[in-house]
There are 2 protein chains.
Amino acid sequence: MGLSKTEIFTEEQNRMAGFAKALAHPARIAIIEHLFKINACICGDLVNEIGLAQPTISQHLKELKKIGIIQGTVEGTSVCYCINPEKWKEVESLFNTFLKRDFEIADQCC
Amino acid sequence: MGLSKTEIFTEEQNRMAGFAKALAHPARIAIIEHLFKINACICGDLVNEIGLAQPTISQHLKELKKIGIIQGTVEGTSVCYCINPEKWKEVESLFNTFLKRDFEIADQCC
DNA sequence: TCTTTGTATTGCAATATTACAATAAATAAA
DNA sequence: TTTATTTATTGTAATATTGCAATACAAAGA
């Protein structure tokens, strides 16, 4: 199939999986890290920074933009990208809730 | 292609992406949540809990096991699954470092 | 031993992802 | 207007993912 049965899961579960998917590629991790490091930059800078072709970077940027993690502003011929702080806080909070667990009982398996 | 150029990224970036990929499906999110809720259970319980076929659940379990997030113990005919606490703490710590960012300067884009 | 029970594996179909060459599109500069 | 410059889009090839039916496998019970 190659397509997940989203309808049998909760909204929360699908949202978590969706954000995780956006982070599930090293190029997108690298893009995010670079944007945090230098605050904002244009597409071409990311092409130089990361070693992938321009259309590939553009594609990864599109995906990050689609889920709202980054935003792009047209500046003449170039497009300036940066992190969307509100969305990032949302992602952070969602992951924090998911990741923070209690292991008092869970330490032994079966 | 369908295959990422892992060699041009750092070990950390690939690790982050790898863990994110493991969480990038609602069924695997559901499996993890259920394991945390009831501590440990057999494959069949997860098949009933989540609405997917047994081979599909088995496949998702295999992927979570491969990356080390869960562990399985054979108990007669059934296999008991639970979270691997050490690995989970590692994932939690890795994501925390990645997600926790400073927005003092980053608030305005371009 | 034969049957049942529970899980893993195999094989397959449908779809998604990754990467890039070629090209389009849009603005700036000459 | 013509020519860069920069980014997005399109098309395509290779591979990966998702899901399940069929089946294999392994241990327990009759």
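Chain identifiers are assigned alphabetically (A, B, ...) following the order of the sequence lines, protein sequences preceding nucleic acid strands; residue numbering begins at 1 within each chain. The structure displayed is predicted, hence computed values, not measured ones.
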Trace of the side chain to side chain contact (heavy atoms under 4.5 Å, CB included) decision for A:Ile31 with A:Leu64 = CA-CA 9 Å; A:Ile31 288 170; A:Leu64 289 172; 3.9 Å; yes

task = Apply the test side chain to side chain contact (heavy atoms under 4.5 Å, CB included) to residues A:Trp88 and A:Phe36: give CA-CA distance (whole Å), side-chain angles for both, the deciding distance (0.1 Å), then the verdict.
result = CA-CA 11 Å; A:Trp88 189 260; A:Phe36 270 117; 3.6 Å; yes

message = For a salt bridge (charged side-chain N to carboxylate O under 4.0 Å, His left out) check, start with the C-alpha distance between B:Arg15 and B:Glu12, then their side-chain angles and the critical distance, and finish with the verdict.
response = CA-CA 5 Å; B:Arg15 279 210 317 145; B:Glu12 279 268 316; 3.6 Å; yes

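If you check every strand for non-hydrogen atoms under 4.0 Å, B:Ile57 touches nothing.
The heavy-atom pair separating A:Asp45 from A:Cys41 by the smallest distance is OD2-CB, 3.6 Å.
Distance A:Glu75 CD to C:dA26 C1': 15 Å, rounded to the nearest Å. The distance from atom CD1 of A:Ile67 to atom P of C:dT17 is 11 Å, rounded to the nearest whole Å. For A:Ile70 and D:dT7, the CD1 to P distance is 13 Å, given to the nearest whole Å. Taking atom CD of A:Gln71 as the reference point, atom C1' of D:dT7 lies 18 Å away to the nearest angstrom.
Salt-bridge formation is not detected for the pair A:Lys100/B:Glu92: no Lys NZ or Arg NE/NH1/NH2 atom is positioned less than 4.0 Å from an Asp or Glu carboxylate oxygen.
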remark   = Contact string for nucleotides 8-20 of chain D, one letter per nucleotide 5' to 3', B = base within protein heavy-atom range under 4.0 Å, S = sugar-phosphate only, - = neither, reads BB---BBBSBBBB

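For the ring pair (Phe, Tyr, Trp, His ring centres under 6.0 Å) test, no residue two or more places apart in sequence or in another chain qualifies with A:Phe9.
Remark on DNA chain C: of its neighbouring residues B:Ile42 and A:Thr77, the 5'-side contact belongs to B:Ile42, judged by nearest-heavy-atom nucleotide.
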